[in-house]
Enquirer: 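Let me give you the structure first, and then I'll get to my questions.
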Amino acid sequence: MENFEKRNRDFFAAVCRMQREGCAGRSRLSMDAAIRKALDGGAPCFYITRDHAFKRLRERRHNRIPPREKPHRRRMWQELEKVLTERMGNRPLADEWVVLDQVLATHRPSGFFMSEAYAKKLVYKMLKQPLTHDL
């Protein structure tokens, strides 16, 4: 995955933000609840390059989907395809590469597209690193 470290830092920041904000300001969320909320709370971007996205979308369109594709990864590609299709529908003569660039630059995905188990491991690993967090 492209931009792996940036995605991990952004996700960790989202978890920390969820922890601070708590549930409607009442109290701090548990770490597990903050992780779940951050997973589905939207992400700044897809964290993939245009070339990678175009290649994978083309493969998916030709029914070459990895046999053991993880559900969260499948949701990411489905969301990207849906947004790209919608934007292409609004501009039928547009170059798909240009529209894909726009989607990757401007669309805020619905989540971080990683499993909850991986997200927990990531957060707890980052918590152990000195001076990398602000909880």
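We use all heavy atoms of the structure for the numbers below, so side chains are in, but hydrogens, waters and symmetry mates are not.
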Enquirer: Please round to the nearest 0.5 Å and tell me the distance separating atom OG of S30 and atom CE of M18.
Expert: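 The distance works out to 13.0 Å.
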Enquirer: Listed by chain and number, what are the side chain to side chain donor-acceptor pair (under 3.5 Å) partners of K6, not counting sequence neighbours?
Expert: D10
Enquirer: Got a sec, which residues hit salt bridge (charged side-chain N to carboxylate O under 4.0 Å, His left out) with R74, two or more places apart in sequence or on another chain?
Expert: E69
Enquirer: Tell me the closest heavy-atom pair linking P109 and P44, and the distance in Å.
Expert: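 Nearest pair, atom of P109 first, then P44: CD-C, 4.1 Å.
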Enquirer: Going by ring-ring contact (aromatic ring centres under 6.0 Å, His included), name the pairs with one or both residues in residues 55-75, residues two or more places apart or in two chains.
Expert: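 Every pair satisfying ring-ring contact (aromatic ring centres under 6.0 Å, His included) with a residue in residues 55-75: there are none.
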Enquirer: Kindly give the heavy-atom pair with the smallest separation between F12 and V123, and that separation in Å.
Expert: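 Distance-wise, the nearest heavy atoms are CE1-O, 3.7 Å.
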Enquirer: Can you name the residues that form a salt bridge (charged side-chain N to carboxylate O under 4.0 Å, His left out) with E116, not counting sequence neighbours?
Expert: R36, K120
Enquirer: List the atom pairs, with distances to 0.1 Å, where a side-chain N or O of residues 82-89 and a protein N or O form a donor-acceptor pair under 3.5 Å, not counting sequence neighbours.
Expert:
residue: T85; atom: OG1; partner: E81; partner atom: O; Å: 2.8
residue: T85; atom: OG1; partner: E81; partner atom: OE2; Å: 3.2
residue: R87; atom: NH1; partner: T106; partner atom: OG1; Å: 3.0

Enquirer: Quick one: NZ on K70 to CZ on R75, what's the gap to the nearest 0.5 Å?
Expert: 12.5 Å
Enquirer: Quick one: side-chain contact (heavy atoms from CB on, under 4.5 Å) partners of A14, sequence neighbours excluded?
Expert: R17, A38, F112
Enquirer: Who passes salt bridge (charged side-chain N to carboxylate O under 4.0 Å, His left out) against R50, sequence neighbours left out?
Expert: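 Applying salt bridge (charged side-chain N to carboxylate O under 4.0 Å, His left out) to R50 gives D101.
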Enquirer: Could you name each residue pair satisfying salt bridge (Lys or Arg N to Asp or Glu O under 4.0 Å) that touches residues 91-100, not counting sequence neighbours?
Expert: R61-E96
Enquirer: With a 4.5 Å limit on heavy-atom distance, are the side chains of F46 and F113 in contact?
Expert: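 The answer is yes; the side chains approach within 4.5 Å.
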Enquirer: Can you tell if the side chain of R73 reaches within under 4.5 Å of the side chain of M76, non-hydrogen atoms only?
Expert: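 Answer yes - side chains close enough.
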Enquirer: Applying salt bridge (charged side-chain N to carboxylate O under 4.0 Å, His left out), name anything that partners R56, two or more places apart in sequence or on another chain.
Expert: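 Listed in chain order: E59.
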Enquirer: Would you give the length of the straight line joining atom CZ of R9 to atom CE of M126, rounded to the nearest 0.5 angstrom?
Expert: 7.5 Å
Enquirer: My understanding is that only residues two or more places apart in sequence, or in another chain, count here; which of them pass side chain to side chain donor-acceptor pair (under 3.5 Å) with S110?
Expert: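 Per chain and number, S110 pairs via side chain to side chain donor-acceptor pair (under 3.5 Å) with E79.
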Enquirer: Kindly give the heavy-atom pair with the smallest separation between L104 and C45, and that separation in Å.
Expert: O-CB, 4.4 Å
Enquirer: The test is side-chain contact (heavy atoms from CB on, under 4.5 Å); show your working for H107 and V103 and say whether it passes.
Expert: CA-CA 5 Å; H107 181 73; V103 168; 4.0 Å; yes
Enquirer: Test of understanding: clusters of I, L, V, M, F, W, Y form through side-chain heavy atoms closer than 4.5 Å, transitively. Do V98 and I48 belong to the same one?
Expert: no
Enquirer: At their closest point, which heavy atom of V15 faces which heavy atom of A34, and how far apart are they?
Expert: O-CB, 3.9 Å
Enquirer: Treat each ILVMFWY residue as a node, draw an edge where side-chain heavy atoms are under 4.5 Å apart, and state whether I65 and F54 are in one component.
Expert: no
Enquirer: Is Y47 reachable from Y118 through a run of hydrophobic residues whose side-chain heavy atoms are each under 4.5 Å from the next?
Expert: yes
Enquirer: How close do L122 and F11 get, heavy atom to heavy atom, and via which atoms?
Expert: CD2-CD2, 3.9 Å
Enquirer: Report the residues that fulfil side-chain contact (heavy atoms from CB on, under 4.5 Å) with D51, sequence neighbours left out, ordered by chain and then residue number.
Expert: T49, W97
